[in-house]
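Hydrogens, waters and symmetry mates are skipped; everything else that's a heavy atom, side chains included, is used.
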Amino acid sequence: MPEGHTIHRLARRHHALFAGAPVAASSPQGRFAAGAAAIDGRVLEGADAYGKHLFYRFGDDVLHVHLGLIGRFPSYIRDVPEPTPATRLVISNGSAAAHLSGPMTCRVITTDEAAAVTAALGPDPLRSRGGRREFAAALGRRRAPIAAVLLDQAVIAGIGNVYRSEILFLCGIHPTTPARNLSDDRGDCLWRTAGAQLRLGLRLGRIVTVRLGDVGARRRGDLDEDERRYVYHRDGLPCHRCGSIVRRGDIGARSAWWCPGCQPE
DNA sequence: TCTTTATGGTGAG
DNA sequence: TCACCCTAAAGAT
């Protein structure tokens, strides 16, 4: 279940495992048989991530994958399991394999088409240190609640439902605040916090947003599930920082969580 | 053995 | 705003 950090991590791992050599590609499920045939035996030049999108370059052809909500793309170095009947795509070489299941998007496109995909996305904090102004400008154009705007991939690429609530908590911003009402400082805080949290998530391989001091822990490995985040899925529980009861509400057709003490309206 | 849920996104109305 | 797509694991019965 991926936000941007997961996708970038996958791109790095797949690049390390497969780039620079021919790969075998097949579709046990059958639904991607033609696409797999188009890249089978070809040299993978590289794997990249932009926001929540994955791109695998094979000359002028690009394998474009988006995992959606339920997609997975685990890889194996040894003890490669049998693909399940739902495995859409297997990529392998002599020593490793990756099994794709449940993707929202899996298709072979041209480099121009791939460029059009990324052009429609907002800046990705994991790729660009120069996206802050573009992000700030987009906020200024929107009157929708900031919690809804943070999920719009045309505004900022890679944020999902966990990070949107956690980032708003960390910046002390109430989720229903209209985006264009935010000060420049608060917009800066959102951009910097998004980048810092995505980079941390990329490094850890999981989303951990709490400062250890706020939960009285020494190491991140000591944290229980409930202690890794400030608000996400914590409605009814006391805030790690101020003790107020965390609330949940539907914002932008999905649940958002916030602390009424730390994020006043 | 069910039903539910999930860190996402699209297209129709 | 809603139905819908895709899969797997967790939770309920």
Counting side-chain heavy atoms from CB outward, which of [options] is closest to [X]?
| X | options | value |
| --- | --- | --- |
| Arg88(A) | dT7(B), dG9(B), dC6(C) | dC6(C) |
| Tyr232(A) | dG9(B), dA9(C), dT7(B) | dT7(B) |
| Ser101(A) | dT7(B), dG9(B), dA8(C) | dA8(C) |
| Arg31(A) | dG8(B), dT7(C), dC6(C) | dC6(C) |
| His5(A) | dC6(C), dG9(B), dT7(B) | dT7(B) |

Nearest-angstrom distance from the residue atom [atom1] of [X] to [atom2] of [N]:
| X | N | atom1 | atom2 | answer |
| --- | --- | --- | --- | --- |
| Arg72(A) | dA9(C) | CZ | C1' | 7 Å |
| Ile156(A) | dG8(B) | CD1 | P | 14 Å |
| Trp257(A) | dT7(B) | CH2 | P | 6 Å |
| Phe32(A) | dC6(C) | CZ | P | 16 Å |
| Asp152(A) | dT10(B) | CG | C1' | 14 Å |
| Ile70(A) | dA9(C) | CD1 | P | 12 Å |
| Arg107(A) | dT10(B) | CZ | C1' | 13 Å |
| Arg229(A) | dT7(B) | CZ | P | 10 Å |

Counting the atoms with a prime plus P, OP1 and OP2 as sugar-phosphate, which does [X] contact under 4.0 Å by heavy atoms, base, sugar-phosphate, or nothing?
| X | result |
| --- | --- |
| Ile207(A) | base |
| Thr84(A) | sugar-phosphate |
| His233(A) | sugar-phosphate |
| Glu166(A) | nothing |

Do [X] and [Y] come within less than 4.5 Å of each other through their side chains, counting heavy atoms only?
| X | Y | value |
| --- | --- | --- |
| Val80(A) | Ser92(A) | no |
| Leu198(A) | Ile159(A) | yes |
| Phe58(A) | Val108(A) | no |

Discussion item. Would you say CZ of Arg42(A) has more than 12 non-hydrogen atoms from neighbouring residues, nucleotides or ligands within 6.0 angstrom?
Written reply: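 More than 12 within 6.0 Å, yes.
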At less than 4.0 Å, is any side-chain N or O atom of [X] found next to OP1 or OP2 of [N]? Yes or no.
| X | N | value |
| --- | --- | --- |
| Lys52(A) | dT7(B) | no |
| Gln153(A) | dG9(B) | yes |
| Gln29(A) | dT7(C) | yes |
| Arg254(A) | dT7(B) | yes |
| His66(A) | dG9(B) | yes |

Worksheet item: Is there a donor-acceptor pair under 3.5 Å between the side chain of Ser165(A) and the backbone N or O of Val162(A)?
Response: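 A pair under 3.5 Å: no.
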Fill in: Distance-only side-chain donor-acceptor flag, Tyr50(A) / Arg127(A), under 3.5 Å
no
Euclidean distance for [atom1], [N] against [M] (whole angstrom):
| N | M | atom1 | answer |
| --- | --- | --- | --- |
| dT1(B) | dC6(C) | P | 25 Å |
| dC5(C) | dG13(B) | P | 15 Å |
| dT7(B) | dG11(C) | P | 15 Å |

